[in-house]
Structure formats: structure tokens, C-alpha cells
Student: 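Before I ask anything, here is the structure I am working with.
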Amino acid sequence: MRLRLLMILVTVMLALLPAASAQDGLTEEEQALLDRVLAALQKVETYNSFQSSIEMTESQNLSISLLGQNQVQSSSTVTQIEATVIDVNGDNPNVNGTAVATVNEAQDQVTTSYVIEAEFRFVDGVLYVNAAYGEGAAGPLPLPEGWVTVDDLGMAGLESLALDEVVGDLMDEAEEEDNNLLETIQEIAEAATSVALTQEDLDGTPVDVVTITFDWAGIRDVLAEDAGLDESNPFFAIFEQVQGDIASISLMLNENDEVVGYRFDFGVVLADLDLSQFTDEVPAGTMISIDFSQGQLSTLSDINGTFEPVTAPETN
């Protein structure tokens, strides 16, 4: 695992931002903090085995109004993963872990809630999953019984387990690794609102936390240009609505300047958009509002520790 969510975010941001950022650049103090983060991330490449604890949250609220009628849909998911990742840089990377996803969905005052509990193992390039719904709360889709092999991490019914956060890089052998994470962070940081240092307590140990924050205004015009939009385009109204900081990445560094955790937060609110301006598939005056947020906290422990290799389970 190579801080997968962090890599995804910075790769997407890099695709949207030119090397010459519209921002004024970082102060000397902020650049020094960024250099410290880059040096710490270089050490991540030497992490061969470790234990990982992940908590992911995602929520969205959608409201659609037409002719005085209002339809409201909302959902929230909390996923917790505990995993032991072994021999990442060796010939036999393998993973052993558990995942629990708690899902709540509501539509027009009808609420559905369920829990998915799973064990998973990654051995010899194969992902095995044994998942079931929590007692008394069956979900909307049937889950395979017992241990099964999983080729597609987007498999219906298992998406909320977010197993790509742990085994995604290991499964995707065809993925090109020529994206330089360090250079990518350096470039997108030029579009940051700030790079700040704070101190926190992580499982009883003090850590330094370097947080890179991104302001929507810093990328709005670039996004519009990239999409070929100008102020006459109705989609530009979406760009104009979003204000302030929308995302941040925090990296937690121990006394040896090793990355022992990271946090990601993203949120955007769009209110009273006329959906009929964007598609002719809905009646005129169809209004939509969206409130979306996503967060993740990942911590690493027993870095480069010694663990017993994982064995494949018997499948059905």
C-alpha cells in the first residue's frame, strides 16, 4: 500500500492544474514544511510490512424539487478496516484483515440500515473475501456465502468495504508506477491555500501533523478552462457556487519524521441548481441541491515488523 487515497487525490489534482499555478506560491516556512513532507514520503517507499487501521466516512444529501414537490435522498457510510500488510516490496505481497461497513440510506422518510462484516486475505495475487450482513439487517443485494475469490473490487454488494484502500495497488499489476508521488505533491501544493504544522496525540504518542489545504478558488478557473466553459455556459453556475476550502491532506510524522498516519477531508455544497439547464430529460424548473462530504483517517503501526505470511482459505 502506497498511501493509495493520497495518490489518487494528487494525481487527479495534477491532471487539472498546470505546472504554473494561479496561486502566489508558498511562503518560505510553508515550503520548508512541504520539503519535510516530501522527505518523509520517500521513507514510505521503504515500508515493507506494517499494520494499518483505516476509518472512512462518506455522506451525501440530495434534494430535488419540482412544482412544489420535494424528493429527498440521503446516504452515509462508515467503513472500518484493520489489516496486516506483509512483504509489499518483495516477491510475495500478502494481506490479512477485517472490514466492517455501516450503511444508512433514506428516501422520502423511508430509512434502510445494514452492516456488512468481512474477512479478507490477499495471497499469491488473489483476493479472498468472506462477507455477510450483520444480524437482523439484510442489505439490498445478496452476498456470496463463505470464502470467494474477488476479481473486481467494484463487485456489487462489496463496494462499501473499500478494500481497494488496502489491496488495490497489489491487485493492479498492470498499473504504471512512473507517476512520481513526490513531484506530484510538490506541484499541486502550489495551488494550496496553506501548509500548516500542528501537534496531535496519536495512540498516546505525540506526532507532528503537516496539513495541506486546498481552496476552491485556486482551481475553479483552471477547471472551467479545462472543460471549455465560460460564464455563458449554465455549468459555470456550479463553479460560482462553491466557495472556500474544499479539501485537505494531513500527514502525521513521528519523532523520526516517518509517516505514521494521514487524514483526508473533502466537502462541497451546491444549492438550488436548475437541473433543466443541464439536461432536457427533466421538466423546466427542476431544482437540485447536493451536500457531499468524504473523510479518511489511516494510521500505520509495527512498520517493518515481522509477521507470519498469510495462507489462502478454502473457497466454496
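Just so it is clear, the structure is predicted and the values come from calculations on it, not from any experiment. What you see below is based on every heavy atom in this structure, not just the backbone, and it leaves out hydrogens, waters and symmetry mates.
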Student: Looking only at heavy atoms, what is the nearest atom pair of Val150 and Met171, with distance?
Tutor: O-CE, 3.5 Å

Student: Could you check if a side-chain atom of Met252 sits within less than 4.5 angstrom of a side-chain atom of Thr205, using non-hydrogen atoms only?
Tutor: no

Student: Might you confirm whether atom CD of Gln71 has over 12 heavy atoms from other residues, nucleotides or ligands at distances under 6.0 Å?
Tutor: yes

Student: Quick one: pull up OH in Tyr262 and CD1 in Ile54 and give me the separation to the nearest 0.5 Å.
Tutor: 5.5 Å

Student: Tell me the closest heavy-atom pair linking Leu158 and Ala131, and the distance in Å.
Tutor: CD2-CB, 3.9 Å

Student: Starting at CD1 of Ile64, measure out to CD1 of Ile288 and round the result to the nearest 0.5 Å.
Tutor: 4.5 Å

Student: Please enumerate all residues that pass side-chain contact (heavy atoms from CB on, under 4.5 Å) together with Asp151, with sequence neighbours excluded.
Tutor: none

Student: Is any side-chain heavy atom of Thr112 closer than 4.5 Å to one of Pro140?
Tutor: no

Student: Tell me, which pairs form a ring-ring contact (aromatic ring centres under 6.0 Å, His included) where one or both residues lie in residues 66-112, sequence neighbours left out?
Tutor: none

Student: Return the set of residues passing side chain to side chain donor-acceptor pair (under 3.5 Å) with Arg36 (not counting sequence neighbours), or none when no residue passes.
Tutor: Asp208, Asp257

Student: Can you name the closest pair of heavy atoms from Ala99 and Leu163 and give their distance?
Tutor: CB-CD2, 4.1 Å

Student: Starting from Val310, can I reach Val95 by hopping between I/L/V/M/F/W/Y residues whose side chains sit under 4.5 Å apart?
Tutor: no

Student: Is there side-chain contact between Leu127 and Leu170, with at least one heavy-atom pair below 4.5 Å?
Tutor: no

Student: Treating Ile, Leu, Val, Met, Phe, Trp and Tyr as nodes and any side-chain heavy-atom pair under 4.5 angstrom as an edge, say whether Val103 and Val78 lie in one connected cluster.
Tutor: no

Student: Between Asp265 (side chain only) and Arg263 (backbone N and O only), is there a donor and an acceptor less than 3.5 Å apart?
Tutor: no

Student: Would you please name every residue forming a side chain to side chain donor-acceptor pair (under 3.5 Å) with Glu55, sequence neighbours left out?
Tutor: Gln80

Student: Check the angle between the aromatic planes of Tyr47 and Phe50 and answer parallel, tilted or perpendicular using the 30° and 60° thresholds.
Tutor: perpendicular

Student: To the nearest 0.5 Å, tell me how far Ser63 OG sits from Asn70 CG.
Tutor: 3.5 Å

Student: Run the side chain to side chain contact (heavy atoms under 4.5 Å, CB included) check on Thr102 and Val115 step by step: do they pass?
Tutor: CA-CA 5 Å; Thr102 303; Val115 175; 4.0 Å; yes

Student: Taking all non-hydrogen atoms of both residues, which atom of Asn304 and which atom of Asn48 are closest, and how far apart?
Tutor: OD1-N, 2.7 Å

Student: Under 4.5 Å between side-chain heavy atoms, hopping through other hydrophobics if needed: is there a path connecting Leu62 to Val72?
Tutor: no

Student: According to salt bridge (charged side-chain N to carboxylate O under 4.0 Å, His left out), who are the partners of Glu105, at least two apart in sequence or on a separate chain?
Tutor: none

Student: For the atom pair CG (Leu202) and CG (Asn254), what is the distance rounded to the nearest 0.5 Å?
Tutor: 9.5 Å

Student: Test of understanding: with side chain to side chain donor-acceptor pair (under 3.5 Å), list the residues that count as partners of Thr79, not counting sequence neighbours.
Tutor: none

Student: Looking at side-chain heavy atoms only, is the closest gap between Arg121 and Thr311 below 4.5 Å?
Tutor: yes

Student: Is there a side-chain contact between Thr98 and Ile81 in this structure, where contact means two heavy atoms from C-beta onward sitting under 4.5 Å apart?
Tutor: no

Student: I want to check something: taking the side chain as every heavy atom from C-beta on, are Gln31 and Leu34 in contact at a cut-off of under 4.5 Å?
Tutor: yes

Student: Not counting sequence neighbours, which residues clear side chain to side chain donor-acceptor pair (under 3.5 Å) with Ser113? List them please.
Tutor: Asn104

Student: Please report the shortest heavy-atom distance between Gln51 and Thr84, naming the atom on each side.
Tutor: NE2-OG1, 3.6 Å

Student: Which atom pair, heavy atoms only, marks the closest approach of Ala83 to Val166?
Tutor: CB-CG1, 3.8 Å

Student: Going by salt bridge (charged side-chain N to carboxylate O under 4.0 Å, His left out), name the pairs with one or both residues in residues 287-314, residues two or more places apart or in two chains.
Tutor: none

Student: Under a single-linkage definition using a 4.5 Å side-chain heavy-atom cutoff for Ile, Leu, Val, Met, Phe, Trp and Tyr, are Phe307 and Phe120 assigned to the same hydrophobic cluster?
Tutor: no

Student: Name all residues meeting the side-chain contact (heavy atoms from CB on, under 4.5 Å) criterion together with Ala132; count only those two or more places apart in sequence or in a different chain, and write none if there are none.
Tutor: none

Student: Rounded to the nearest 0.5 Å, what separates atom CD in Gln296 from atom OG in Ser250?
Tutor: 12.0 Å

Student: I'd like to check the side-chain contact (heavy atoms from CB on, under 4.5 Å) partners of Ala312; sequence neighbours left out, ordered by chain and number.
Tutor: Val123, Tyr128

Student: Keeping Asn89 on the side-chain end and Glu45 on the backbone end, is there a donor-acceptor pair under 3.5 Å?
Tutor: yes

Student: Name the residue from Ile303, Leu251, Leu253 that meets the side-chain contact (heavy atoms from CB on, under 4.5 Å) definition with Val260.
Tutor: Ile303

Student: Taking a hydrophobic cluster as the set of Ile, Leu, Val, Met, Phe, Trp and Tyr residues connected by side-chain heavy atoms closer than 4.5 Å, whether directly or through intermediates, do Leu161 and Trp147 fall within one such cluster?
Tutor: no

Student: Applying ring pair (Phe, Tyr, Trp, His ring centres under 6.0 Å), can you list everything that pairs with Tyr133, at least two apart in sequence or on another chain?
Tutor: Tyr114

Student: My understanding is that only residues two or more places apart in sequence, or in another chain, count here; which of them pass side-chain contact (heavy atoms from CB on, under 4.5 Å) with Ser53?
Tutor: Glu82, Thr299

Student: Return the CD1 to OG1 distance between Ile86 and Thr306, rounded to the nearest 0.5 Å.
Tutor: 10.0 Å

